[in-house]
**Student:** 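Sharing a structure here in structure tokens format.
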Amino acid sequence: MVKTNFAGTNGVSQSLFHSKTAGKITRKQQEIQILSKTSSSKKQDSLSISNSARSFSKESIAALIDNSVNISKGQLSYYFNNYNNVSAILDAINFGENVSCGYNQDFKNYGVISFDYNGSRQIIPNYAVPKMNTGSLSQICAVYNSLVLDNKSYYAWTTSSGSRYTWTVNNGKIGWAASEELLAENTNQRGTNYKWEMRKASNILSALAQGKNLYGFSREDVLSVCKSVSFSTGFFSINAGAGKHNYILQESGKVIDVDKKIEQLNSTNYIEAGFKEGDTISVYGNEYVVDSSGHINVSTDHTFTSTSIIYPSH
């Protein structure tokens with residue numbers, strides 16, 4: 001048996017033992033290459049991890065972590081408790097709080113992905129993070145201008161080149177799965193992994209899914225991203241774990257927030273604005289009468305047939 005020391009939760013040096021199989025591999029890089037090989041399994045599931053990686057014990061995996069990371073046994077508790085539960089590991093990374101990667105991207109092969117869990121900081125070795133099979137995932141795509149995505153779920157995103165990547169939906173945040181994005185090569189705007197393209201699409205879709213404005217995004221980019229998920233011009237809606245949000249997409253790429261517009265219309269006092277009780281205002285194809293208080297009552301639950309708002313002429 002080979003003995004390896006690392007700091008315990010109380011700061012006292014503790015010993016871990018790992019198998020002769022691991023001990024025979026004397027260079028960390030060789031071990032990492034074995035751990036990161038693609039699985040030979042032909043199962044059509046959404047997760048894969050190499051059989052070689054599974055052959056290593058929990059202790060040997062922990063011992064491979066670069067000593068300068070300064071990891072305690074307590075920080076490895078989530079990983080050890082879920083060593084054979086790859087779904088739990090991926091979910092903790094992709095839907096966790098304060099997720100970050102390693103201590104230096106230049107040494108990502110030796111680093112870790114860390115996250116907060118039940119009040120403590122937990123880590124997973126980078127090279128033990130399973131890779132997802134995007135071929136088994138549903139594509140992010142609207143149906144009849146309605147995009148409904150299950151919260152805390154995985155989807156596939158296809159770039160302009162046709163490459164597919166794993167994306168997640170988390171309380172209105174839509175984007176590249178942290179378990180894969182954090183371990184990807186850093187690239188610039190023209191990088192081959194389309195990181196820049198996906199970041200822009202992620203930011204636009206997340207803003208729409210959370211009811212935020214699209215300030216800072218060009219209309220051309222907004223129109224392109226909307227079309228990439230099959231939104232056509234006119235009314236569209238999105239629900240991705242942060243409630244349903246309704247919009248109008250114009251040919252120019254301008255997006256009108258229908259929810260906020262209706263709130264504004266309902267809060268306006270039309271008598272004070274020069275109209276009179278009984279006047280009719282057409283909102284998105286429906287007619288609403290100004291009541292004695294000077295207001296109209298439009299609901300987002302109504303069915304709209306037009307994108308225009310028409311006020312009575314005097």
Side-chain angles (χ1 to χ4, degrees), residues 4-16 18 31-32 35-36 45-50 53-54 56-105 107-134 137 149-155 165-184 199 202 206 209-210 240-242:
T4 304
N5 292 323
F6 74 105
T9 53
N10 57 3
V12 178
S13 178
Q14 298 181 7
S15 297
L16 289 177
H18 52 98
E31 292 170 330
I32 291 168
L35 286 166
S36 62
D45 59 14
S46 60
L47 306 174
S48 64
I49 187 169
S50 71
R54 291 185 184 281
F56 284 85
S57 68
K58 300 175 185 178
E59 289 78 7
S60 65
I61 293 286
L64 293 178
I65 300 173
D66 190 42
N67 292 334
S68 63
V69 179
N70 237 354
I71 292 169
S72 70
K73 185 176 180 180
Q75 290 175 293
L76 287 163
S77 62
Y78 185 89
Y79 176 54
F80 283 178
N81 291 337
N82 295 279
Y83 185 72
N84 292 313
N85 188 346
V86 291
S87 294
I89 289 173
L90 284 171
D91 287 351
I93 294 171
N94 290 313
F95 306 121
E97 298 292 332
N98 300 318
V99 181
S100 61
C101 183
Y103 56 95
N104 188 319
Q105 270 291 325
F107 301 100
K108 66 185 180 66
N109 284 337
Y110 302 97
V112 299
I113 289 182
S114 58
F115 55 91
D116 292 344
Y117 183 78
N118 286 345
S120 67
R121 196 70 176 161
Q122 293 292 307
I123 64 102
I124 305 291
N126 286 355
Y127 40 79
V129 177
K131 175 77 173 177
M132 297 193 72
N133 173 21
T134 56
L137 301 174
L149 302 174
D150 293 332
N151 199 27
K152 310 289 185 182
S153 295
Y154 298 92
Y155 290 87
Y165 293 84
T166 301
W167 275 33
T168 58
V169 175
N170 187 12
N171 297 326
K173 296 178 181 178
I174 306 170
W176 197 1
S179 62
E180 298 184 10
E181 178 185 10
L182 292 174
L183 298 181
R199 180 176 296 154
S202 169
S206 295
Q210 296 175 74

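Quick note: residue numbers are just sequence positions, from 1.
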**Student:** Which heavy atom of Ala242 sits nearest to which heavy atom of Gly172, and what is that distance?
**Tutor:**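 Between these two residues, the closest heavy atoms are CB-CA, 3.9 Å.
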**Student:** To the nearest 0.5 angstrom, please state how far the OH atom of Tyr117 sits from the CG atom of Asn81.
**Tutor:**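 Answer rounded to 0.5 Å: 8.5 Å.
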**Student:** List the atom of Arg121, the atom of Asn98, and the distance in Å for their closest heavy-atom pair.
**Tutor:**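 Taking Arg121 first and Asn98 second, the nearest heavy atoms are NH1-O, 2.7 Å.
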**Student:** Quick check for you: to the nearest 0.5 Å, what is the distance between Leu183 atom CG and Ile93 atom CD1?
**Tutor:**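 The distance works out to 8.0 Å.
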**Student:** Would the distance check show the side chain of Tyr155 and the main-chain N or O of Asp150 forming a donor-acceptor pair, the cut-off being under 3.5 Å?
**Tutor:**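 Checking the backbone N and O of Asp150 against the side chain of Tyr155, a donor-acceptor pair under 3.5 Å is found.
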**Student:** Donor-acceptor pair, Gln122 side chain versus Tyr78 backbone, under 3.5 Å?
**Tutor:** yes
**Student:** Check whether Asn151 reaches the backbone of Asn171 with its side chain - one donor and one acceptor, N or O, closer than 3.5 Å.
**Tutor:** yes
**Student:** Do Asn94 and Asn170 have side-chain heavy atoms sitting under 4.5 Å apart?
**Tutor:** no
**Student:** Between Val99 and Ala178, what is the shortest heavy-atom contact and its length?
**Tutor:** CG1-CB, 4.4 Å
**Student:** Taking the six-membered ring for Trp and the single ring otherwise, decide whether the centroids of Phe115 and Phe95 are under 6.0 Å apart.
**Tutor:** no
**Student:** Ignoring hydrogens and geometry, is there a side-chain-to-backbone donor-acceptor pair from Asn126 to Ile113 under 3.5 Å?
**Tutor:**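 Yes, Asn126 side chain to Ile113 backbone: donor-acceptor pair under 3.5 Å.
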**Student:** Go through the steps for Thr166 and Asn133 under the test side-chain contact (heavy atoms from CB on, under 4.5 Å), then give the verdict.
**Tutor:** CA-CA 8 Å; Thr166 301; Asn133 173 21; over 6 Å; no
**Student:** Rounded to the nearest 0.5 Å, how far apart are CG of Asn82 and OG of Ser77?
**Tutor:** 9.5 Å
**Student:** Would you sort out whether Ile174 and Trp167 count as a side-chain contact (heavy atoms from CB on, under 4.5 Å), showing the intermediate values?
**Tutor:** CA-CA 7 Å; Ile174 306 170; Trp167 275 33; 3.7 Å; yes
**Student:** For Ser202 versus Gly175, what's the shortest heavy-atom pair and its separation?
**Tutor:**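 It is OG-CA, 3.4 Å.
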**Student:** If every non-hydrogen atom of Val169 is compared with every non-hydrogen atom of Ala240, which pair is closest and at what distance?
**Tutor:** CG1-O, 3.4 Å
**Student:** For the residue pair Lys131 and Glu180, what are the closest heavy atoms and their distance?
**Tutor:** NZ-OE1, 3.3 Å
**Student:** Can you name the one residue among Ile89, Asp91, Ile124, Val129 that meets side-chain contact (heavy atoms from CB on, under 4.5 Å) with Ser179?
**Tutor:**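 By the side-chain contact (heavy atoms from CB on, under 4.5 Å) criterion, Ser179 pairs with just one of Ile89, Asp91, Ile124, Val129: Val129.
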**Student:** Backbone N or O of Ala88 within a donor-acceptor pair of the Asn85 side chain at under 3.5 Å?
**Tutor:**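 Yes: the side chain of Asn85 pairs with the backbone of Ala88.
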